[in-house]
Protein chains: 2
Amino acid sequence: MMSNKKYNIEVRLWIEETEGPFLGIGKIWLLENIRKTGSITNAAKEMKMAYRQAWQLVKEMNQRAESPLVEKLLGGKGGGGARLTEAGEKAIQTFHEVEKRIKDFAEKETQNLKF
Amino acid sequence: MMSNKKYNIEVRLWIEETEGPFLGIGKIWLLENIRKTGSITNAAKEMKMAYRQAWQLVKEMNQRAESPLVEKLLGGKGGGGARLTEAGEKAIQTFHEVEKRIKDFAEKETQNLKF
DNA sequence: TAGCAGTATTCATTTTAAAACATACTGAAA
DNA sequence: TTTCAGTATGTTTTAAAATGAATACTGCTA
């Protein structure tokens, strides 16, 4: 009798540089929410994440990328905000492309898993 | 001028079934250490992991696999021990095979990363 | 020049996860 | 029938991480 339990492969990927993990899906989501909302504050709310943490993630990304991914607008009308740089837009796109290729490949490996 | 920062892709994968994550590299290491040492206790020591946790992982694996991956020997000479079943051996092998194929693929994607 | 809303940062608090501790159970062998 | 080392399990402690609160700063606009 053929056993019926279903198993499949999940994959998580991230970009690493010399100092360690640099950019994973969590930071990508944050970038996308900053693009969508125009500020770190609102992006954090959207994600039910503490502003403090969101701000730290942005700081880290900007420091470790060759050029900043997020541009911060301090003060002024509306208090300021944040928006993606060209490099930030590119990062989102590159990450999703690579992620898709790897996940598609992984899915093909899901055949015949048995435990 | 060509910028020189080096980025590369890291991949983590695991097997999922209906109730969630089932088997990742951590449990595979545990299985390998059980095979090597002949008991959950010694495997845990080897990995500097609490026996309690190692035992829980084994319990979970056994419950959620179609057939147990680890056979427990209770009491008797030496107090007992634990060893891999045929399914346990197979699980290690399958996982490593799939992992290698996916990581090899991912490595090819590492070209041209720029952030 | 006062108001405003978001960024920047520190500090205390809470939540969560991991580890440590303690103790009962098992069964072969001496 | 006592010893022994490993399994089995609940309880307590500790450590780490996330969150929340508080405060200063920024610079456009009214």
Side-chain angles (χ1 to χ4, degrees), chain A residues 12 14 19-65 67-85 87-88, chain B residues 12 14 19-65 67-85 87-88:
Chain A
R12 185 98 154 67
W14 65 95
E19 296 169 59
F22 163 60
L23 189 61
I25 188 65
K27 289 201 188 113
I28 293 294
W29 283 336
L30 179 56
L31 290 178
E32 289 172 334
N33 276 299
I34 288 171
R35 172 170 58 188
K36 178 180 164 194
T37 65
S39 78
I40 297 176
T41 295
N42 288 324
K45 275 179 193 152
E46 195 89 0
M47 301 171 75
K48 293 175 199 297
M49 159 190 285
Y51 167 81
R52 182 195 155 73
Q53 169 155 2
W55 168 80
Q56 278 177 331
L57 293 175
V58 168
K59 186 182 171 189
E60 198 191 309
M61 276 190 269
N62 279 350
Q63 283 173 347
R64 295 172 57 195
S67 69
L69 305 185
V70 176
E71 179 179 11
K72 275 84 103 14
L73 313 167
L74 243 178
K77 176 185 172 189
R83 65 177 169 223
L84 300 191
T85 61
Chain B
R12 185 96 154 68
W14 65 94
E19 296 169 60
F22 163 61
L23 190 61
I25 189 65
K27 289 202 188 113
I28 292 294
W29 284 336
L30 178 57
L31 290 177
E32 289 171 334
N33 277 300
I34 287 171
R35 172 169 59 189
K36 179 181 163 193
T37 65
S39 78
I40 297 175
T41 296
N42 287 323
K45 276 180 190 151
E46 195 89 0
M47 303 171 74
K48 294 175 197 300
M49 160 189 283
Y51 166 80
R52 188 193 156 71
Q53 169 156 4
W55 168 81
Q56 277 174 331
L57 294 176
V58 168
K59 185 184 172 187
E60 199 190 308
M61 276 189 269
N62 279 351
Q63 283 171 347
R64 293 172 56 195
S67 68
L69 305 183
V70 176
E71 178 179 11
K72 277 83 105 8
L73 314 166
L74 244 179
K77 178 185 172 189
R83 67 179 169 222
L84 301 191
T85 61

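A quick note: this is a predicted structure, and the numbers were derived from the prediction, not measured. Naming convention: chains lettered A, B, ... in sequence-line order (proteins, then strands); numbering from 1 in each chain. Scope of the values below: all heavy atoms of this structure, side chains included, with no hydrogens, waters or symmetry mates.
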Legend entry - Side-chain (B:Arg12) to main-chain (A:Trp14) donor-acceptor, under 3.5 angstrom: no

Would you mind reading off the distance between [X] atom [atom1] and [N] atom [atom2], rounded to a whole angstrom?
X       : N      : atom1 : atom2 : answer
B:Met47 : C:dA18 : CE    : C1'   : 15 Å
B:Tyr51 : C:dA18 : OH    : P     : 19 Å
A:Lys48 : D:dA18 : NZ    : P     : 18 Å
B:Ile34 : D:dT7  : CD1   : P     : 8 Å
A:Asn42 : C:dC4  : CG    : P     : 18 Å
B:Gln56 : D:dT11 : CD    : P     : 13 Å
A:Arg83 : C:dT7  : CZ    : C1'   : 15 Å
A:Leu57 : D:dT19 : CG    : P     : 11 Å

Legend entry - Position toward the 5' end of DNA chain C (nearest nucleotide), B:Ala50 or A:Gly78: A:Gly78

Legend entry - Gap between atom CG of B:Leu57 and atom CG of B:Asn62 - 0.5 Å precision: 11.0 Å

Legend entry - Inter-residue atom distance A:Asn33.CG - A:Arg35.CZ, 0.5 Å rounding: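 It is 9.5 Å, given to the nearest 0.5 Å.
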
[X] near the nucleic acid: base, sugar-phosphate alone, or nothing, with a heavy-atom cut-off under 4.0 Å?
X       : result
A:Gly75 : base
B:Ser39 : sugar-phosphate
B:Leu74 : base
A:Gly79 : base

Inset, instruction - Decide yes or no for B:Leu84 and B:Leu69: does some side-chain heavy atom of the first lie under 4.5 Å from some side-chain heavy atom of the second? - result: no

OP1 or OP2 of [N] versus the side-chain N and O atoms of [X]: is any pair under 4.0 Å?
X       : N      : value
A:Thr41 : C:dA5  : no
B:Lys77 : C:dG27 : no
A:Trp55 : C:dT7  : no

Inset, instruction - Tell me which of B:Arg52 and B:Gly81 sits closer to the 5' end of DNA chain D, going by the nucleotide each one is nearest to. - result: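 Checking each residue's closest nucleotide, the 5'-ward one belongs to B:Gly81.
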
Considering only [options], which nucleotide approaches the side chain of [X] most closely?
X       : options              : value
B:Gln53 : C:dA19, D:dT7, C:dT7 : C:dA19
B:Lys72 : C:dT7, C:dT9, D:dA8  : D:dA8
A:Ile40 : D:dG6, C:dA18, C:dA8 : C:dA8

For residues 25-32 of chain A, tabulate all N or O donor-acceptor pairs below 3.5 Å that involve a side-chain atom, not counting sequence neighbours.
unit_1: A:Lys27; atom_1: NZ; unit_2: A:Phe22; atom_2: O; d: 2.8
unit_1: A:Lys27; atom_1: NZ; unit_2: A:Glu60; atom_2: OE2; d: 3.4
unit_1: A:Glu32; atom_1: OE2; unit_2: A:His96; atom_2: NE2; d: 2.7

